[in-house]
Amino acid sequence: MPTKPGLPPGPSGTLIGGNLRQFATRRLGFFLDVAREYGPLSSFRFGPRRVFLAADPGLIEQVLVTDAKHYVKHFGARAYKPVLGNGLVTSEGAFWLRQRRLSQPAFLKNRVLSYAPVMGELTRQMLAGWRPGQAIDIHYAFSELTSAIALKTLFDLDDPGDRERFTETLRLAFDLMSERFRVLFKLPNWVPTPANRRLKRAVADLFAVVDGFIAQGRNRKEPGDDLLSRLVSAQDDDGTRMTDRQLRDEMMTLYLAGHETTALTLSWTWLLLAQHPEAEAKLVDEWRRVLGGRTPTPDDLPNLPYTDAVITEAMRVYPPVYLIGREATRDLELGGYRVKKGYTVFMSQWVNHRDPAHFPDPEAFRPERWLDGLAKRLPKYAYYPFGGGQRVCIGNTFALMEAAIILAAVGQRYRFTLDPGAVIDVNPQITLLPKYGIPATLALR
Ligand code: HEM
C-alpha cells in the first residue's frame, strides 16, 4: 500500500528528550491523552527513538498478527535479558518458535486443569494463617500466594526455605537491575563498574539457586506433574531436548511472567469489589448457589459466569500488562504511514480498554457489561489483556483458572475492608502495580 509522506500526528517534544519527560511524569495519562487527541495512529519520540502509538484495534491486529513476522519485541522487553535470558518472552525468530512449540503442550487446557488442586490447597494454607480483624496488604498477600503456586507448579517446590532463597536472590537481582534502568548514562553490562559487578554477582547467585532446582528435577526417578518435568521431557521433531541453560531461561521467564500478573489481577479485583459492594454481593450469591462453601474445581468454573465477568472487567479497568511494543525489522506500512525499520509501535491496553466506543462509561467497574456476549461483539483487539497473535500469553488459561479459584476460595470466607485513609494509585512499571499497596482489614464473610 502506498504510504503518506511524513509521520502520523502527535505531541511536540523537546529537541533531545523528545516526549520522554511527558511520558515519565504521566505515563498512562500521556498515552490516553495522545490517543484521544491524535486518533488511531500517533507518533512521538523517546530520546532518539521514534515511537508510534497504535490505538485502533485493526492496526493492533496488523502489528500483532498480519505483519507479526516483521516485528520483534521492543527495546524495553529486551532490557530484561540479563535475567530472562533467551526465554519465551525475550527470544525471537526460529529459536523462539522452537521453544514455543516445545512448551505449548504443557499449557494445553487439560494439563493446566491438573494444577487446580495445588492452587486450592495453597490458598487453604494461606487462609489457615489468617484471622478476622487482621491488617493485611492485599497486593503483598496475593503476590506471596501466587509465588508459592508458581514455584510448586513450575518446580514442584514445597520447602519454604527453598522458596525464600529463590525470592530473596531474585529480589536482589531485580533491585539492582531496576537501579541500572534509573541511571541515564550507563556503561555496558560487561564493564566491571561496582554496580555492574554487584548485578553480575546477584544474577550468578540467582542462577545457582535455579540450576539447583533444575538438577533436582532432572534427577527425579519419576517425572512429576510440574512444568519443569514436562519441559525436561519435551522433545523436538528431531528428538532434541532443551539444555539446562534453556530450561533455566524458560523457568525464570514463566515464573516472572506468570506470578506477579496473576497477583495483580487478584489485587485489583479485590480493590474494585471492596469499592463496589453491590457487585460483591452478586458474586457471593453466585458462590453460595454454585459452590456452597467449597473451593471450586475446574468443572465448577463454567457455572460461575459472574465470577468470570468480574475478573474480565477488573482486567479491563486495571490491565496488569498495560503496554506492549514491537520494533519493525524492515520498512512497513501501518495506517497509511511508513513505519521505518527500527521504529517502535506501542499498543496500550490501558488506552483501548478505556475506549468509550466499546465500553460506555469506561471508568465505571461494571461486570454486567460482559454478561450478554459483549466479548463476541467486540472487534478483536478492543480488549486484549493477554496480548495476541503468535506471541499471545502462553499462560492465559492457567492465569484465569488460578484467579477464579483463589477469588472464590478466599471470598467465601473473608471480605476486605479498605483502610479508610488508604491512598490507592497506580504505579505503571512493567506491570501495573498499586503505588502504595492495598491496605485492608480482614472480616469474616
Ligand atoms: C493475568 C495474568 C497474566 C497476564 C495479564 C499476562 C499478560 C501477557 C501479555 C500481554 C503477554 C504478551 C506480551 C507481548 O506481546 O509483548 C504475555 C506473554 C507471555 N506470558 Fe502472560 N500474562 C499472565 C499470566 C501468565 C502466566 C500465568 C504465565 C505462565 C505460567 C505467563 C507466561 C507468559 C509467557 C511465557 C509469555 C511470552 C509468550 C511468547 O512470547 O511466546 N503469563 N502475557
Side-chain angles (χ1 to χ4, degrees), residues 1-13 15 17-20 22-23 27-28 30-79 88-97 100 319 321-359 377-393:
M1 191 200 266
T3 52
K4 296 176 220 173
L7 293 161
S12 54
L15 189 64
N19 307 82
L20 259 182
Q22 293 153 299
F23 168 70
R27 286 222 180 179
L28 300 171
F30 172 71
F31 282 121
L32 206 55
D33 289 351
V34 168
R36 287 197 175 145
E37 191 165 344
Y38 299 100
L41 188 67
S42 48
S43 114
F44 39 94
R45 225 167 19 86
F46 283 171
R49 281 180 205 282
R50 175 54 61 187
V51 176
F52 283 17
L53 176 65
D56 172 77
L59 297 182
I60 295 172
E61 180 159 14
Q62 191 174 333
V63 177
L64 294 182
V65 183
T66 325
D67 290 339
K69 62 175 179 297
H70 302 305
Y71 285 101
V72 290
K73 291 282 175 102
H74 73 299
F75 54 96
R78 291 199 297 266
L88 276 179
V89 168
T90 38
S91 59
E92 300 289 349
F95 183 81
W96 164 78
L97 186 61
R100 177 95 191 194
V321 176
Y322 62 95
L323 186 70
I324 56 180
R326 296 290 188 270
E327 187 176 300
T329 55
R330 61 169 222 202
D331 287 7
L332 293 160
E333 178 277 332
L334 186 65
Y337 289 93
R338 181 135 71 115
V339 182
K340 285 196 189 160
K341 179 179 173 183
Y343 282 9
T344 302
V345 182
F346 278 125
M347 295 144 279
S348 169
Q349 287 87 346
W350 183 266
V351 169
N352 292 99
H353 293 188
R354 278 174 164 64
D355 185 345
H358 302 302
F359 307 103
R377 294 196 304 277
L378 285 174
K380 202 141 183 236
Y381 291 95
Y383 178 80
Y384 55 109
F386 294 104
Q390 57 182 3
R391 304 209 64 153
V392 69
C393 177

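Please read these numbers as outputs of a predicted model, since none were measured by experiment.
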Spatial distance of atom NZ (Lys341) from atom CG (Asp331) [nearest 0.5 Å]: 8.5 Å

Ring centre gap for Tyr383 and His358 strictly below 6.0 Å: no

Parallel, tilted or perpendicular: rings of Phe44 and Phe31 (30°, 60°): tilted

Atom of Gln22, atom of Pro11 and distance for their closest heavy-atom approach: NE2-CB, 4.3 Å

CZ-CG distance between Arg45 and Leu7, expressed to the nearest 0.5 angstrom: 10.5 Å

Closest approach of Gly389 to Val65 (non-hydrogen atoms, all atoms of both residues): CA-CG2, 3.9 Å

Nearest heavy atoms of Arg330 and His70, plus distance in Å: NH1-CE1, 3.2 Å

Closest approach of Tyr337 to Gly6 (non-hydrogen atoms, all atoms of both residues): CD2-O, 3.7 Å

Within-4.5 Å side-chain heavy-atom neighbours: Tyr343 and Leu332: no

CG on Leu32 to CZ on Arg27, rounded to 0.5 Å: 15.0 Å

Ala54 versus Val345, closest heavy-atom pair with distance: CB-CG1, 4.0 Å

Any donor-acceptor pair under 3.5 Å from Gln349 side chain to Tyr384 backbone: yes

Contact summary for Arg100 and Val392, nearest pair of heavy atoms: NH1-O, 2.8 Å

Ser43 (side chain) donor-acceptor with Phe52 (main chain) under 3.5 angstrom: no

Partner of Leu64 by side chain to side chain contact (heavy atoms under 4.5 Å, CB included), out of Arg391, Met347, Lys380: Met347

Full working for side chain to side chain contact (heavy atoms under 4.5 Å, CB included) between Leu334 and Leu59: CA-CA 7 Å; Leu334 186 65; Leu59 297 182; 4.0 Å; yes

Inter-residue atom distance Lys73.NZ - Glu327.CD, 0.5 Å rounding: 13.0 Å

Rounded distance [0.5 Å steps], OG1 in Thr329 versus CD in Glu92: 9.0 Å

Aromatic plane relationship, Phe30 with Phe46 - under 30° parallel, 30 to 60° tilted, over 60° perpendicular: tilted

Exam field: side chain Asn352 to backbone Ala382, donor-acceptor pair closer than 3.5 Å: no

Donor-acceptor contact below 3.5 Å, side chain Glu61 vs main chain Pro379: no

Ser348 side chain vs Tyr322 backbone, donor-acceptor pair below 3.5 Å: yes

Arg326 vs His74 side-chain heavy atoms within contact, under 4.5 Å: no

Atom pair OG/CG of Ser42 and Asp33 - distance to nearest 0.5 Å: 11.0 Å

Working for side chain to side chain contact (heavy atoms under 4.5 Å, CB included), residues Leu323 and Trp350: CA-CA 7 Å; Leu323 186 70; Trp350 183 266; over 6 Å; no

Glu333 and Arg338, any side-chain heavy atoms less than 4.5 Å apart: no

